[in-house]
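Proteins come first, then strands; the chains are lettered A, B, ... in the order of their sequence lines, and each starts at number 1. Please read all numbers here as calculations on a predicted model, not as lab measurements.
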Amino acid sequence: MAGNILKEEALEEKGERARMAAFIGAMAIADLVKSTLGPKGMDKILQSTGRGHSVTVTNDGATILKSLHVDNPAAKVLVDISKVQDDEVGDGTTSVVVLAGELLREAEKLISQKIHPMTIIAGYRMAVECARNVLESRARNNKDDPEKFRTDLVNIAMTTLSSKILSQDKEYFANLAVDAVLRLKGSGNLEAIQIIKKCGGSLKDSFLDEGFILDKKIGVGQPKRIENANILVANTAMDTDKIKIYGARVRVDAMSKVADIEAAEKNKMKAKVEKIIAHGINCFVNRQLIYNFPEELFADAGVMAIEHADFDGIERLALVTGGEITSTFDNPEAVKLGHCKLIEEIMIGEDKLIHFSGVELGQACTIVLRGASSHVLDEAERSLHDALCVLASTVKDSRVVWGGGWPEMLMARQVDELARKTPGKKSLAIESFAAALRAIPSIICDNAGLDSADLVSQLRAAHFSDDSTAGVDVITGAVGDMEARGIYEAFKVKQAVLLSATEASEMILRVDEIIKCAPRQREDRM
Amino acid sequence: MPGAQVVPGGGGGKTEKYVDNKRKDDIRMANIAAGKAVADAVRTSLGPRGMDKMLSTANGDVIITNDGATILNKMEVLQPAAKMLVELSKSQDIVAGDGTTTVVVIAGALLRQCQILLGMGVHPTVISDALHKASEKAVEVLTAMAVPVELSDRESLVKSASTSLNSKVVSQYSSLLAPLAVDAVLNVIDPARPNSVDLRDVKVLKKLGGTVDDTEMIKGLVFDHKASHTAGGPTRVENAKIGLIQFQVSPPKTDIEQNVIVSDYTQMDRILKEERNYILGMIKKIKATGCNVLLVQKSILRDAVTDLSLHYLAKAKILVVRDVEREDIEFISKTLNCLPIANIEHFRAEKLGQADLVEEIHVGSGSIVKATGIKNMGRTTTILVKGSNALVLDEAERSLHDALCVVRCLVNKRFLIAGGGAPEIEVSRQLGAWAKTLHGMESYCVRAFAEALEVVPYTLAENAGLNPISIVTELRNRHANGEVNTGINIRKGQITNILEENVVQPLLVSTSAISLATECVRMILKIDDIVSTR
């Protein structure tokens, strides 16, 4: 290198070397998560190097990638697309990374044949357009028929869950998730679905509860069961309203006056409690602690007071009961109270929880997950979250496609045909795109310990006819009719996988130079 | 595959995958080995003749225990898979409360079988699915073997509690502790919710001194403090009216900062007098309601009681118990059927609880305050555990907890099953027969599962110093002849009908041990990589 243009310790990689570094980084990431793909994919242990060495066991691509130490810039791009996929549709976080990895692997071969990256990009673009069109044309829509639509949803949920820890009870959980999402009535507001995890029992003991569960205790001596509750959700200090000016103090010259002040403070508190009770409520939920004195006052008035509900808890409670979080109590008319039919204490496992049923927002519900250990529960929550996200996005865009490698094979075939029609070097890139698509079913087979070469070629033959519904059924280890087996996927997920994987690989392909800035020096250590 | 190995980034191909799989197998084997090591560590503590472990913790404390969950909890393992086994034992503790060693031993045996299957080239997910099926079948078999039990059948409950206690240090006291545990749990069952028990309503109090023999159940309330007698107050009150207060009997203190300004010495006297009158006024109000026992909640903001107020309270013949924790308030108010009082203005007679006798008694190293003959007592129980040294005391408490959990299991799921390895052998036999009707890999895996379950009787026999092989084979033989309830009788050192020997355990303990162990093993099997993260 002639002369130092960059700072010392800054790294610069150019041309072929830069591209190689980008490819290798991206492919390493793809290979890492590759084995988690499909119903027989494996799990990973994530061991934290931080304090406590906490352990997570997961199959979720987004979770694995999110927690990785990644230094390679191209690898970071893949981690990002997986995150975006998670935010957008919630599932397919592994597929998107694997597809991008395969596209880059194919591109690498082309580059070694001295094909310009721009030509590859142009070919990929044509291919992705063609693939998307064919996928769209074959997607089905059952929105008008609620019963069929429900079956679609259950099937989609089962497909999503079949690659997760919940696979053994996937039918149960699929129905659970569909019930929860359908309660939302198309709003797609997953906030209203609360997931509570409680150790103990087995996964099958999980249940969907219509209503809201708060993991708190009711104050001493207060009613444990309230019907037709009017709930005031508040965030206010329930010790004393302190004067917040620093150094404010009172001077008195007699003991009795100190007692008077104490009494005055007590009275202020009492007045506050009376104001709160004057709202005509019989349940008071506060984010902060409620001290003994106000607690007793509430108990005397027969009001259920729940203290120390966390932020998340009260926000959700306000949402589902239709109330507003209040912190001043001077004009009761302006305050919106929450309502529900019944509040009672229930027991789950060894813990007592407060259950609000018949809440105003009929959409709300709680899923209580039970499981052997916290690892199982965490993973179950992640899996269920994936299923819920997919279902919510399917409710918005109700098109469905078949799963089990069907969309990939279908797209690959059309893309292959396009390649034959296209003159010039671009056709090579288009062909490679088809090969990358076909790699997905072959990885699914490999993970299941099946003969991928055999099954994929069988699939390819089956897809030669125009309206084939053939895909790989990993459970039986053979090619089968996806419609009959009920293996469905959401169109939106597949489309997002296709588009973002292509975009990411395009971005990495364009790179011809990596500049790493010099790490910031810490002078005090020198 | 020589020659093909040096294709850097050569677009996949067989070689690369081969190398990959090798690494994955290594990780899986390492996980299995770690899991087995944990299981081996607790194996010798299984059963009535199991040995104890002495644990010396990082801060120098010594614990002697036989309880699997406690041993594993204190072991501080680092390997992720080993950690999962520790978690497993914790889950069993939560679900069933007993069988925490059994569950880990079963998981270890399953892992051993999986290792063999993996060595034969069976795909992990196939093993995992088959294990799941086998465990469901096993639970079915167990349920079929179980005998229903009624809560009124106190004898059966006592039997199962003593089975759990027999494997502990305190086994010689099982005839005392078992009925105690049964009575304690039965006492707190809420008639409105007959199927659940909240063990928080059973308070276990430890006191050094005496022997475990002196352990007793108290129908009433016990405080682990002595009554306050700095000022010579009463230590024994009959026909007590008990007030539970959350305010303080001490000079007033405001939340806002305040100074009392004293400009000359005559004022000093006046202030002192005022202070006295203030406190006297409070105590008069308390006395006016007829209250003669006062429980004072601990306060961090100011003194809950002062010497002065104690003096006046003593003069008013009121027994005072101070430093009651806020968490205990609910338990106390439930037991005494009284309401906590947070302000002197609300101190009314109807909020007081009543008891025939409140007295302070000396027990071993300290004294306790005991309230008995409580009117309208809530559904709570207190058990006072005694022991000659701290180690025995702790272990007695843990054992009692297990026994309580066993009784709770029976309340939740009212079925009993034989102990002494009988259920495991029977499940193993039936699964073995079932495996023969299956096809392919599944059959192989189910058979492996069946073999793994034999570890329980095998270990029981081994720990008791019997010949494990002859015992297990004879057991198999007797079970094949249809004697479903034959198990190892450790006391006699031979094989007998274990139901007749009164060795029984709740069904829930056995079923959850099998299903939890399987779930954990399946999870370990599915792991193919350990990734270190932030």
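Of the atoms belonging to B:Asn277, not a single heavy atom falls under 4.5 Å from chain A. Neither the backbone nor the side chain of B:Leu508 comes within contact range of chain A; no heavy atom of the residue lies under 4.5 Å from a heavy atom of that chain. With a 4.5 angstrom heavy-atom cutoff, A:Ala439 does not touch chain B via any of its atoms. In this structure, chain B has no heavy atom under 4.5 Å from any part of A:Ile24.
Note: B:His132 leads B:Met523, B:His132, B:Glu275 in heavy-atom pairs under 4.5 Å with chain A. Among B:Lys273, B:Lys334, B:Arg522, the residue with the largest count of heavy-atom pairs under 4.5 Å with chain A is B:Arg522.
Residues passing the side-chain hydrogen bond (donor to acceptor under 3.5 Å, both in side chains) test with B:Thr518, sequence neighbours excluded: none. Applying the side-chain hydrogen bond (donor to acceptor under 3.5 Å, both in side chains) test to B:Arg270 and every residue at least two apart in sequence or in another chain returns nothing.
Taking all atoms of both residues into account, the shortest heavy-atom contact from B:Ala513 to B:Val103 is O-CG2, 3.4 Å.
In summary, the side chains of B:Gln297 and B:Asp328 do not present any donor paired with an acceptor at a separation below 3.5 Å, with no hydrogens or angles considered.
In this structure a side-chain-to-backbone donor-acceptor pair under 3.5 Å is missing from B:Thr100 to B:Ser89.
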